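Report on the structure given below.
None of these values were measured; they are calculated from a predicted model.
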Amino acid sequence: MTGKTHLAVGTASALCITYPSDFKELALCIIASSVGSVVCDVDVKSSDSRKDLNRITAIAVILGIAVLFAEYKFDLGITKNFSRESDMFRLVLGFISFIAVCTFGKYQPHRSFMHSIPALAILTGIVYFMYPALAPYFFIAMFSHIFIDLFNKKKVKLLYPLKKGICFRLCPADGKANDVLFFIGSVLSVFFLILAILHIFRWF
């Protein structure tokens, strides 16, 4: 399926299953599900996910080099602060680990590692390490991506690194089924978003 379809279905799935009860949960749901629903496709050379990963990686490397240089040159005590600020340490370490796993996946064949159960478990674990509240939303959205790709004609290597893949061969990735799923996902995303907002304001 296309990226916009995965985004719509992943967001709708996360909103429907978790039913956020306040604005904080709603924001976390939208953020985490947006990432989880498209992260699988970093292994597609033309995908927006891959391009975004390249930009984020480049910025992270530049910032990392700048911070290390400043620490070495001016002894700013950044390393000591990290050991004391455990939450920040977990956030930065988790972010680096997430980028590293995605970078590895970027160079694997499409629908192999990044569409596998091991990748789902590893990335969800990293997200949980970084910020536990994000993990359920991320997991649901990434799972939805993998699940609906099973209906296409290209095999998904769920048990990577095993070579054998699975697919139901019911529809092409960019055909009418994709359009229908995009429409349903978009409608349900808006519906559950409105429902969540009404619930938060106690109007429903």
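A distance of 9.0 Å separates CE of Met130 from OG of Ser97, quoted to the nearest 0.5 Å. Atom CG of Leu193 is separated from atom OG1 of Thr11 by 9.5 Å, given to the nearest 0.5 angstrom. For the atom pair CG (Asp22) and CG (Leu28), the distance works out to 8.5 Å, reported to the nearest 0.5 Å. Atom-to-atom distance recorded for Leu170:CG and Leu150:CG is 10.0 Å, nearest 0.5 angstrom. Summarising the geometry, atom CZ belonging to Phe192 is positioned 9.0 Å from atom OG belonging to Ser13; distances are rounded to the nearest 0.5 Å. Atom OG of residue Ser37 and atom CD1 of residue Ile146 lie 12.0 Å apart, to the nearest 0.5 angstrom.
Within the 4.5 Å cutoff, the side chain of Val156 has no heavy atoms near those of the Ile166 side chain. In this structure the side chain of Leu15 reaches within 4.5 angstrom of the side chain of Cys29, judged on heavy atoms. At least one side-chain heavy atom of Tyr107 sits less than 4.5 Å from a side-chain heavy atom of Thr103. Pro172 is not listed as a side-chain neighbour of Lys154, based on a closest heavy-atom distance of 4.5 Å or more.
Between Phe143 and Phe139, the ring-plane angle classifies as parallel under the 30° and 60° cut-offs. Between His145 and His6, the ring planes are parallel. Angles under 30° get that label, and only those over 60° would be called perpendicular.
For the residue pair Asn152 / Arg169, no side-chain donor-acceptor distance below 3.5 Å is found, with atom types taken as modelled. Side-chain atoms of Thr2 and Thr5 include a donor-acceptor pair closer than 3.5 Å. Residues Tyr160 and Gln108 bring a donor and an acceptor atom of their side chains to less than 3.5 Å of each other. Under the 3.5 Å distance criterion, with hydrogens and angles disregarded, no donor-acceptor pair is assigned to the side chains of His110 and His115.
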Checklist line | Full working for side-chain contact (heavy atoms from CB on, under 4.5 Å) between Val127 and Tyr137 | finding: CA-CA 10 Å; Val127 171; Tyr137 312 120; over 6 Å; no
Next item on the list: Using the ring pair (Phe, Tyr, Trp, His ring centres under 6.0 Å) rule, take Tyr131 and Phe138 through it: C-alpha gap first, then chi angles, then the decisive distance, then the call.
Entry: CA-CA 11 Å; Tyr131 199 95; Phe138 178 88; over 10 Å; no
Next item on the list: Evaluate the side-chain contact (heavy atoms from CB on, under 4.5 Å) criterion for residues Val101 and Phe113: first the C-alpha distance (whole Å), next the side-chain angles of each, then the deciding distance (0.1 Å), finally the verdict.
Entry: CA-CA 10 Å; Val101 172; Phe113 173 70; 3.8 Å; yes
Next item on the list: In sequence, state the C-alpha distance, the side-chain angles, and the governing distance for Ile148 and Met1, and then conclude on side-chain contact (heavy atoms from CB on, under 4.5 Å).
Entry: CA-CA 7 Å; Ile148 63 175; Met1 304 301 175; 3.9 Å; yes
Margin query: Test side-chain contact (heavy atoms from CB on, under 4.5 Å) on Ser33 and Ile140; report intermediate values, then the result.
Written below: CA-CA 7 Å; Ser33 63; Ile140 293 168; over 6 Å; no
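A salt bridge links Arg111 with Asp149: the closest approach of a Lys/Arg side-chain nitrogen to an acidic carboxylate oxygen falls below 4.0 angstrom.
Listed for the Ser116 side chain is no donor-acceptor partner under 3.5 Å among the backbone atoms of Leu159.
Atom CZ of Phe183 is surrounded by 12 or fewer heavy atoms from other residues, nucleotides or ligands within 6.0 Å. Taking a 6.0 Å sphere around CZ of Phe147, one finds it holds 12 or fewer heavy atoms contributed by other residues, nucleotides or ligands. Around CZ of Phe151, the count of heavy atoms belonging to other residues, nucleotides or ligands within 6.0 Å exceeds 12.
Linking Ile, Leu, Val, Met, Phe, Trp and Tyr residues whenever their side-chain heavy atoms come within less than 4.5 Å places Met142 and Val42 in a single cluster. Cluster membership for Tyr128 and Ile117, using ILVMFWY side-chain heavy atoms within less than 4.5 angstrom, is not shared. Note on Phe95 and Ile31: separate hydrophobic clusters, where clusters join Ile, Leu, Val, Met, Phe, Trp and Tyr whose side-chain heavy atoms are under 4.5 Å apart, directly or indirectly. Under the 4.5 Å side-chain heavy-atom criterion for ILVMFWY residues, no single connected hydrophobic cluster contains both Val190 and Leu7. Hydrophobic clustering places Met114 together with Ile99 (ILVMFWY residues linked when any side-chain heavy atoms are closer than 4.5 Å, directly or through intermediates).
The ring of Phe98 has its center no closer than 6.0 angstrom to the ring center of Phe129.
Closest approach of Asp43 to Pro109, counting heavy atoms only: OD2-O, 3.6 Å. Counting all heavy atoms, side chain and backbone alike, Ala12 lies closest to Leu188 at CB-CB, 3.9 Å. The minimum heavy-atom distance between Leu26 and Ala196, with the atom names listed, is CD1-CB, 4.2 Å. Shortest non-hydrogen contact noted between Pro20 and His199 is O-CD2, 4.4 Å.
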